[in-house]
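Shown next, in structure tokens, is the structure this report addresses.
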Protein chains: 2
Amino acid sequence: MIFIDVRDRRPIYEQLVERFSDLMIRDVLKTDSPMPSVRTLAAELSITPNTVQRAYAELERQGYIYSIKGKGSFVADTKPLLKKSRSRIMSELSELSGRAYRSGISEEEFVNAAGSCYRAHTAAEGGTRND
Amino acid sequence: MIFIDVRDRRPIYEQLVERFSDLMIRDVLKTDSPMPSVRTLAAELSITPNTVQRAYAELERQGYIYSIKGKGSFVADTKPLLKKSRSRIMSELSELSGRAYRSGISEEEFVNAAGSCYRAHTAAEGGTRND
DNA sequence: TAGCTGTATCAATCATGTTAATACAGTTGG
DNA sequence: CCAACTGTATTAACATGATTGATACAGCTA
């Protein structure tokens with residue numbers, strides 16, 4: 001369900017925040033469904049509960065989950081966060097387009113590639129891939 | 001010419017590698033033109049020559065420059081590196097377009113955003129910015 | 001030869017992520 | 001009520017990596 005990429009330069013807690021928030025935005029994790037407990041997830045990933053806690057704290061701070069002491073952490077209603085998610089994607093697109101520009105890729109080429117890349121995903125619609 | 005972004009999470013030497021390689025890919029720095037000397041650039045940026053040296057070593061390892069002891073470092077022929085740079089960008093664009101699709105961003109929206117993001121970078125290029 | 005170049009090495013420092021241990025507080029089911 | 005689970009907080013220790021600073025060596029050139 002959740003994994004850690006050791007080659008990812010970012011800290012573990014940041015990876016967890018991204019993984020979970022993606023699953024929520026994509027509605028793989030539904031509103032009000034329970035998150036794995038801090039200690040359980042820590043055991044599964046072979047990391048310390050402290051690191052998971054840090055990720056959960058950040059997820060809560062950003063509004064992706066809500067936590068109740070003694071009960072657990074639960075997926076929040078992420079619809080209001082869709083806008084934020086989109087802006088995250090857009091900012092990454094901005095960063096990428098900058099690199100494309102700097103690599104001598106023309107605007108047409110970049111835009112065309114964006115379109116065909118997108119369509120490639122819609123074509124692979126079946127949904128074979130789930131984490 | 002070259003600046004350091006303190007808000008950038010990446011280490012200074014990596015920023016330098018990116019800045020310089022960008023300039024070379026875009027042919028702002030021409031093949032065989034001299035790089036600033038290790039100590040000169042270090043003084044300009046108020047960092048240690050050690051950090052600059054690390055960036056130069058990486059640039060040389062990646063084929064962007066060649067260094068001659070006693071003479072200096074010089075811009076290499078970066079044409080052979082273009083293909084590698086572009087393919088890496090395209091694969092990241094593919095990954096990003098998948099996330100956009102799953103986040104409910106339409107193809108038109110994604111493609112339009114790609115175009116405007118790209119143009120934003122070409123606009124910012126005008127040359128008001130010099131360090 | 002003086003003064004520039006790249007290159008190498010070493011120790012010290014600093015920031016940050018991560019671990020580990022422990023404790024406290026709230027909920028729940030037996 | 002209590003054992004066992006939940007989230008939360010705190011503290012110290014450790015590891016890694018970036019950066020600094022100092023010093024030294026080697027090659028080029030005016």
Side-chain angles (χ1 to χ4, degrees), chain A residues 1-21 24 29 31-77, chain B residues 1-21 24 29 31-76 131:
Chain A
M1 173 104 172
I2 291 291
F3 61 97
I4 294 173
D5 182 0
V6 290
R7 293 166 306 172
D8 196 322
R9 290 171 51 105
R10 295 171 306 171
I12 294 174
Y13 75 91
E14 271 200 29
Q15 293 186 42
L16 293 182
V17 169
E18 194 200 56
R19 299 278 142 69
F20 276 114
S21 58
M24 293 162 191
L29 295 182
T31 301
D32 291 330
S33 64
M35 298 280 290
S37 86
V38 168
R39 293 171 179 81
T40 299
L41 182 58
E44 274 180 19
L45 299 179
S46 299
I47 59 180
T48 66
N50 217 327
T51 299
V52 176
Q53 165 59 19
R54 187 164 179 184
Y56 278 20
E58 182 61 17
L59 281 168
E60 183 166 29
R61 195 190 67 77
Q62 294 184 17
Y64 284 101
I65 67 175
Y66 57 94
S67 300
I68 304 176
K69 205 184 294 186
K71 298 191 68 172
S73 299
F74 305 88
V75 178
D77 178 15
Chain B
M1 173 101 173
I2 290 290
F3 61 96
I4 293 173
D5 181 0
V6 290
R7 293 165 306 172
D8 196 322
R9 290 169 53 105
R10 294 171 307 170
I12 295 174
Y13 73 91
E14 271 201 29
Q15 293 186 42
L16 294 182
V17 168
E18 193 202 55
R19 300 276 142 70
F20 276 113
S21 58
M24 294 162 192
L29 294 181
T31 301
D32 291 330
S33 64
M35 298 280 289
S37 85
V38 169
R39 292 173 179 81
T40 299
L41 182 58
E44 276 181 16
L45 300 178
S46 300
I47 59 179
T48 66
N50 218 328
T51 299
V52 176
Q53 165 59 19
R54 186 163 177 184
Y56 279 21
E58 183 60 17
L59 281 168
E60 183 166 29
R61 195 191 66 78
Q62 293 183 20
Y64 284 101
I65 67 174
Y66 59 92
S67 299
I68 303 175
K69 205 185 293 188
K71 297 192 68 173
S73 299
F74 304 88
V75 180
D131 290 48

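Residue numbers begin at 1 in each chain, while the letters A, B, ... track the order of the sequences.
Atom OH of B:Tyr66 is separated from atom P of C:dT5 by 17 Å (rounded to the nearest Å). Spacing between atom CE of A:Met35 and atom P of D:dT6 amounts to 13 Å, rounded to whole angstrom units. Rounded to an integer number of Å, the gap from A:Ile4 CD1 to C:dT18 C1' is 11 Å.
Considering CZ of B:Phe3 and CG of B:Leu16, their distance stands at 10.5 Å, rounded to 0.5 Å. For the atom pair CD1 of A:Ile12 and CD1 of A:Ile47, the computed distance is 5.0 Å after rounding to the nearest 0.5 Å.
Every residue meeting the side chain to side chain contact (heavy atoms under 4.5 Å, CB included) condition with B:Lys71, not counting sequence neighbours, appears here in chain and number order: B:Ile68, B:Phe74. Contacts of A:Gln62 classified as side chain to side chain donor-acceptor pair (under 3.5 Å), with partners at least two apart in sequence or in another chain: A:Glu58. Residues satisfying the salt bridge (charged side-chain N to carboxylate O under 4.0 Å, His left out) test with A:Glu14, not counting sequence neighbours, are B:Arg9. Residues meeting the side chain to side chain donor-acceptor pair (under 3.5 Å) test with A:Gln53, sequence neighbours left out: none. Applying the side chain to side chain donor-acceptor pair (under 3.5 Å) criterion to A:Thr48, with sequence neighbours excluded, gives A:Thr51. Partners of B:Asp8 under the side chain to side chain donor-acceptor pair (under 3.5 Å) rule, at least two apart in sequence or in another chain, are B:Arg10.
Across residues 8-17 of chain A, not one residue has a non-hydrogen atom less than 4.0 Å from an atom of DNA chain D. Within residues 51-62 of chain A, the residues having any heavy atom closer than 4.0 Å to DNA chain C are, in order of number, A:Thr51, A:Arg54.
Residue contacts for A:Thr48: at a heavy-atom cut-off of 4.0 Å it reaches a base atom on one of the strands shown.
Annotation for A:Asp5 and A:Gln15: closest pair N-OE1, 2.9 Å, computed over non-hydrogen atoms.
For D:dT6, one of the phosphate oxygens OP1 or OP2 lies less than 4.0 angstrom from a side-chain nitrogen or oxygen of A:Thr40.
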Handout entry: Criterion side chain to side chain contact (heavy atoms under 4.5 Å, CB included) on B:Leu29 and B:Met1, from CA distance to verdict
Key = CA-CA 11 Å; B:Leu29 294 181; B:Met1 173 101 173; 3.2 Å; yes
Exercise for the section: Mark up nucleotides 21-30 of chain C, 5' to 3', with B wherever a protein heavy atom is under 4.0 angstrom from a base atom, S wherever such an atom reaches only the sugar-phosphate, and - elsewhere. Expected result: B-B-BBSS--
Indicate every side-chain donor-acceptor pair of residues 32-41 of chain A with a distance under 3.5 Å to a residue at least two apart or in another chain.
unit_1, atom_1, unit_2, atom_2, d
A:Asp32, OD1, A:Tyr66, OH, 2.5
A:Ser33, OG, A:Lys30, O, 2.6
A:Ser37, OG, A:Thr40, N, 3.0
A:Ser37, OG, A:Thr40, OG1, 2.7

